[in-house]
Asks: 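Got a structure for you, questions after.
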Amino acid sequence: MYAGAVATHRIPVIDKMMAVLFALEATPDGVSVAKLSRELKISRTTVYRMLNTLAEHGVVQRHYSDAAFSLGPTLVRLARHVSTPPDIASASRPYMEDLAYRRGQTVKVTIKDGQEAVVVGVALGSGPFSIAAQVGSRFPLHAGAASKVLLAFSDEKEVASLLALELSRHTDATIVDPVMLQKEIDDIRRNGWAVDRGEFISGVRAVSVPLRNAEQRVTAALSVTFVANAEELSDQMLSELLRTADAISRSLGG
């Protein structure tokens with residue numbers, strides 16, 4: 001995570017409770033209070049009180065035979081009411097692979113996670129200068145084409161919060177001045193696409209466009225990544241990228 005990316009307005013006890021629930025998720029057969037306390041570095045009294053309270057609501061359940069706890073049935077009931085939009089990575093896959101095949105360059109789908117961008121889908125290019133990429137890779141929101149698309153179409157408060165931070169510099173091309181970054185954001189919103197000029201890794205270029213859901217909100221970014229001088233941004237590449245993004249957005253209900 002880049003410098004200054006600090007979460008605010010949090011409730012510490014809820015953070016601890018979520019840590020307990022995630023630990024229970026990782027041990028479906030159940031885990032003891034003592035082990036949770038030791039591994040999470042939370043006092044046994046606090047863990048015990050949390051689990052007792054959660055058990056009263058069915059969020060966790062007791063295993064009286066071995067004094068352990070596991071996730072409870074209330075979570076299943078709540079999960080039935082969670083809206084499940086189409087999986088962006090799965091919905092994008094055939095379109096990404098087609099574009100990667102035609103251009104010979106790597107295509108990625110990226111989403112926003114807090115103050116970072118995370119890659120959720122990759123179609124590797126077959127060309128001699130294609131860039132390797134991995135699902136799960138994370139990038140700061142101020143550096144890179146997909147990152148800047150996600151930033152530009154974020155809530156204004158989120159944008160203002162990021163612009164107030166001391167932004168990390170990754171290459172000479174990284175935009176760390178808030179005034180210049182705001183101008184870049186304005187240009188992306190006006191043009192509907194963003195360019196990476198080697199802002200995260202020198203010599204790597206990219207162009208990215210937004211993906212929209214049924215409510216026309218930008219939920220992800222589609223990008224083509226390539227080596228500098230191997231293929232400069234052309235009207236044809238941008239047109240293909242925009243057409244592909246439109247097809248993916250329609251498959252998402254947008």
Side-chain angles (χ1 to χ4, degrees), residues 1-10 88-89 92 96 105-122 131-213 216-233 237-238 241-242 245 248-249:
M1 185 175 291
Y2 53 92
V6 191
T8 58
H9 307 300
R10 302 177 75 102
I88 292 174
S92 303
M96 293 168 59
Q105 306 291 0
T106 295
V107 181
K108 300 186 297 182
V109 169
T110 306
I111 64 171
K112 186 162 73 70
D113 182 18
Q115 291 181 324
E116 292 181 303
V118 57
V119 178
V120 296
V122 174
I131 301 292
Q134 290 186 326
V135 171
S137 299
R138 289 177 173 271
F139 302 92
L141 286 180
H142 67 286
S147 297
K148 290 186 297 182
V149 164
L150 296 171
L151 175 62
F153 293 97
S154 295
D155 180 89
E156 287 292 353
K157 290 183 179 179
E158 293 182 80
V159 174
S161 176
L162 186 134
L163 290 176
L165 299 175
E166 181 179 350
L167 301 175
S168 55
R169 180 179 291 282
H170 300 275
T171 72
D172 291 341
T174 308
I175 304 173
V176 295
D177 179 79
V179 175
M180 293 179 62
L181 186 56
Q182 181 63 66
K183 182 181 182 302
E184 183 84 351
I185 289 169
D186 293 339
D187 288 344
I188 293 167
R189 289 171 175 169
R190 181 174 58 255
N191 297 329
W193 49 272
V195 174
D196 176 0
R197 308 170 184 85
E199 297 155 17
F200 190 75
I201 300 175
S202 294
V204 174
R205 302 287 188 268
V207 58
S208 181
V209 298
L211 298 177
R212 300 177 186 273
N213 62 10
Q216 291 300 304
R217 290 199 306 269
V218 174
T219 55
L222 179 71
S223 58
V224 175
T225 306
F226 49 94
V227 176
N229 301 322
E231 182 173 9
E232 295 301 329
L233 176 64
M237 178 193 286
L238 183 57
L241 191 61
L242 287 168
I248 294 173
S249 294

Asks: Are the side chains of Leu167 and Ile175 in contact, using a 4.5 Å heavy-atom criterion?
Replies: no
Asks: For the pair His170 and Phe200, name the ring-plane relationship: parallel under 30°, tilted 30 to 60°, perpendicular over 60°.
Replies: tilted
Asks: Among residues at least two apart in sequence or on other chains, which ones pass side-chain hydrogen bond (donor to acceptor under 3.5 Å, both in side chains) with Glu156?
Replies: Arg189
Asks: Under 3.5 Å, side chain of Lys112 to main-chain N/O of Leu151, donor-acceptor pair present?
Replies: no
Asks: Return the CG to OG1 distance between Leu150 and Thr110, rounded to the nearest 0.5 Å.
Replies: 6.5 Å
Asks: When you measure from the side chain of Glu199 to the backbone of Ala173, do you find a donor-acceptor pair of N or O atoms at a distance under 3.5 Å?
Replies: no
Asks: Starting at CZ of Arg217, measure out to CZ of Arg212 and round the result to the nearest 0.5 Å.
Replies: 11.5 Å
Asks: Quick check: does any side chain N or O of Ser208 sit under 3.5 Å from a backbone N or O of Ala194, one acting as donor and the other as acceptor?
Replies: no
Asks: Kindly say whether Ala245 contributes a backbone atom to a donor-acceptor pair with the side chain of Ser249 at under 3.5 angstrom?
Replies: yes
Asks: Does any N or O in the side chain of Ser147 come within less than 3.5 Å of the main-chain N or O of Pro140, such that one atom is a donor and the other an acceptor?
Replies: yes
Asks: Output yes when a side-chain donor or acceptor of Ser161 lies under 3.5 Å from a complementary backbone atom of Lys157, and no otherwise.
Replies: no
Asks: As an exercise, state the distance from CD of Glu184 to CD of Gln182, rounded to the nearest 0.5 Å.
Replies: 11.0 Å
Asks: Quick one: closest heavy-atom pair of Val118 and Asp113, and the distance?
Replies: CG1-CB, 4.0 Å
Asks: If every non-hydrogen atom of Thr174 is compared with every non-hydrogen atom of Ala143, which pair is closest and at what distance?
Replies: CG2-CB, 4.2 Å
Asks: Looking at Asp155, I want to see if its CG is surrounded by more than 12 non-hydrogen atoms of other residues, nucleotides or ligands under 6.0 Å.
Replies: yes
Asks: Might you point out which heavy atoms bring Ser168 and Val176 nearest each other, and give the distance in Å?
Replies: O-CG1, 3.6 Å
Asks: Between NZ of Lys148 and OG of Ser223, what distance do you get to the nearest 0.5 Å?
Replies: 12.0 Å
Asks: With a 4.5 Å heavy-atom cut-off, do Trp193 and Leu238 have their side chains touching?
Replies: yes
Asks: Please determine which of Ile88, Leu211, Val218 meets the side-chain contact (heavy atoms from CB on, under 4.5 Å) test together with Ile111.
Replies: Ile88
Asks: Do NZ/NE/NH1/NH2 and the carboxylate oxygens of Asp186 and Lys183 come within less than 4.0 Å?
Replies: no
Asks: Donor-acceptor pair, Asp177 side chain versus Val179 backbone, under 3.5 Å?
Replies: yes
Asks: NE2/His142 to CG/Leu181 distance, rounded to the nearest 0.5 angstrom?
Replies: 7.5 Å
Asks: Output yes when a side-chain donor or acceptor of Thr106 lies under 3.5 Å from a complementary backbone atom of Ile131, and no otherwise.
Replies: yes
Asks: How many angstroms lie between CG in Leu141 and CG in Leu165, if you round to the nearest 0.5 Å?
Replies: 10.5 Å
